[in-house]
Amino acid sequence: MIRLAGNGTFAALGTPNYRRYFTGQAISLIGTWMQTVGQAWLVLQLTGSGTGLGLIMAAQFLPVLALAPYGGLLVDRADKRKLLVATQTALGLLALALGILTVSGLVELWMVVVLAVLLGVVNAVDTPGRQAFALEMVGRDQLRNAVTLNSLLVNGARAVGPAVAGGLIATIGLGACFLVNAASYIAVLAALSGMDRGSLLPSAPAERARGQVRAGLRYVRRTGGLLVPLLMVGLIGTLAFEFSVVLPVLAQRTFDGGAGTYALLTSAIGAGAIVGGLVTAGRRGTGVRSLTRAALAFSLTLGLAALAPTLPVAVAALMLVGATSITFLATGNSTIQLTAEPAFRGRVMALWAVAFLGSTPVGGPIVGVVADTLTPRGGLALGAVACLAAAGIGAIALAKGVRADGDPPSDRRPAVPARSRPA
């Protein structure tokens, strides 16, 4: 039986602050996926190239690669709730600007590039902030469940948002996707503003000192339970999660479809992720061993999607891709958060953002070129190979004795002091 408290699938929703945040995010993330589909289709119209899609993804995520470690340090120092109010407001304004430019007919590729770069700058702070804020809302006991529910929410929005976007593109136009997304940020801002602040569990802010970014990097390097999962996530994030690059080209060239076909393929991943998330949310497995198994399953399903001969078979295979992808992400995220010391959690989750999002400037163009010069199926196959290689990294680490269970350390003083020696 599914429950809203205790150890049930929706246990974290028993916390009022998280329930409020979850509701706001549910609305906002639908808008985010609408913008993702709209932006990809806009760039494809402007350039006609999968390589162009890869380059725009690189422009969006390069700032994450470059700035996320500093964004994570800001998260460790700041009031996370107030920080998220600022970043979510900025994201809404950027969506509004793109919507106005598109509706007015003034939009050009360089404008999309500039807005994508600004979006990346904000996400360099927002992403580690949202990840670290989960612990402050629900506490350690419910963190695994909250992380999985958030992944479920993202992928549920992936099932709904692209379908709505496809309808809006066909009936009203591309600009509506961006304007609706801008309005959707009101929901998450209302949730953050209306929280019971006395029920939050904030960690002590990191004191200002020189060399704190490097201290975080040294901490991860010496902690195998963090380094190995981050390497696995980095490899898979670089080459397997480039769906915004592969799927538009797959829809257009392999299946002779339009925006509706692209939305269908994207929604299939989201629908599969909903089912996978519901299964994963009730489980408590974390650690390198569980992550290795999840990477192997992800590889197999991507391989099936690459070989799918028809559109219906591809939709079914991508549903399996969605289910295995959410299992991998939820396992990796909760493993890293629970292994990290509290004083370093923002910086560690910034490295998660670098591994998962910041790797796109490298992977996006590579996958785009593969999709253009070989076939879109080749882009999916490349992701399958990357997942298999990541599973190999996990297996080697386990054979060398890295900690496999993922049990969290106590919230003791960090192994590396907050005040490191001068850089």
Side-chain angles (χ1 to χ4, degrees), residues 24-47 52-64 84 87-124 126-127 130 153-189 241-248 251 258-260 262-267 269-270 273 357 360 364:
Q25 282 286 94
I27 298 170
S28 180
L29 286 171
I30 290 173
T32 298
W33 277 109
M34 291 174 64
Q35 174 150 332
T36 299
V37 170
Q39 178 178 282
W41 206 251
L42 174 63
V43 172
L44 196 60
Q45 286 185 347
L46 292 172
T47 67
L53 285 169
L55 291 175
I56 210 71
M57 290 295 103
Q60 182 169 326
F61 294 109
L62 183 60
V64 178
L84 289 177
T87 57
Q88 293 288 304
T89 300
L91 292 171
L93 292 174
L94 290 172
L96 179 62
L98 183 56
I100 292 173
L101 288 170
T102 304
V103 169
S104 66
L106 298 174
V107 67
E108 297 181 17
L109 183 62
W110 72 266
M111 299 175 184
V112 182
V113 171
V114 170
L115 289 172
V117 170
L118 293 174
L119 187 68
V121 171
V122 178
N123 275 325
D126 183 75
T127 300
R130 283 187 292 106
L153 186 62
V154 170
N155 287 280
R158 183 190 303 213
V160 176
V164 177
L168 287 178
I169 292 170
T171 58
I172 300 177
L174 273 169
C177 296
F178 311 131
L179 295 176
V180 171
N181 182 41
S184 74
Y185 283 98
I186 296 173
V188 71
L189 288 172
F241 274 98
E242 305 297 346
F243 299 123
S244 294
V245 176
V246 174
L247 294 188
Y262 169 41
L264 174 63
L265 295 175
T266 305
S267 296
I269 293 178
L357 299 176
T360 299

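Here the structure is a predicted model, which means the values were calculated and not measured.
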Work out which heavy atom in [X] is nearest to a heavy atom in [Y]; give both atom names and the distance.
X: Gly161; Y: Trp33; value: CA-CB, 4.2 Å
X: Gly92; Y: Ala182; value: O-CB, 3.5 Å
X: Gln35; Y: Ala95; value: OE1-CB, 3.2 Å
X: Ser267; Y: Ala163; value: OG-N, 3.6 Å
X: Ala26; Y: Ile30; value: O-CG1, 3.3 Å
X: Ile100; Y: Leu179; value: N-CD2, 4.0 Å

Listed once per pair and sorted, the side-chain hydrogen bond (donor to acceptor under 3.5 Å, both in side chains) pairs that draw on residues 106-119, sequence neighbours left out
Glu108-Trp110
Among pairs that include at least one residue of residues 160-175, which meet side-chain hydrogen bond (donor to acceptor under 3.5 Å, both in side chains), considering only residues two or more places apart or in two chains?
none
Under 3.5 Å, is there a donor-acceptor pair between the side chain of Ser104 and the main chain of Leu101?
yes
Flag, side chain of Thr266 to backbone of Ala263, donor-acceptor distance under 3.5 Å:
no
Sub-4.5 Å side-chain heavy-atom contact between [X] and [Y]:
X: Phe178; Y: Leu94; value: no
X: Val112; Y: Leu46; value: yes
X: Ser28; Y: Gln88; value: yes

Between [atom1] of [X] and [atom2] of [Y], what distance do you get to the nearest 0.5 Å?
X: Leu84; Y: Thr89; atom1: CG; atom2: OG1; answer: 10.5 Å
X: Leu247; Y: Thr36; atom1: CG; atom2: OG1; answer: 12.0 Å
X: Leu42; Y: Thr47; atom1: CG; atom2: OG1; answer: 9.0 Å
X: Trp41; Y: Ile169; atom1: CH2; atom2: CD1; answer: 8.0 Å
X: Gln39; Y: Leu44; atom1: CD; atom2: CG; answer: 12.0 Å

State which residue, out of Asn181, Val188, Val122, fulfils the side-chain contact (heavy atoms from CB on, under 4.5 Å) condition with Leu91.
Val122
From Leu265, Val37, Leu264, residue fulfilling side-chain contact (heavy atoms from CB on, under 4.5 Å) relative to Pro162
Val37
State which residues pass side-chain contact (heavy atoms from CB on, under 4.5 Å) with Ala176; sequence neighbours excluded, sorted by chain then number.
Leu168, Ile172
Could you walk me through whether Phe241 and Val246 satisfy the side chain to side chain contact (heavy atoms under 4.5 Å, CB included) test, starting with their C-alpha distance in whole Å, then the side-chain angles of each, then the deciding distance to 0.1 Å, before giving a yes or no?
CA-CA 9 Å; Phe241 274 98; Val246 174; over 6 Å; no
Validation: residues 113-121 side-chain donor-acceptor distances under 3.5 Å, sequence neighbours left out:
none

Residue list, side-chain hydrogen bond (donor to acceptor under 3.5 Å, both in side chains) with Thr102, at least two apart or on another chain:
none
Sequence neighbours excluded, the answer for ring pair (Phe, Tyr, Trp, His ring centres under 6.0 Å) partners of Tyr262 is none
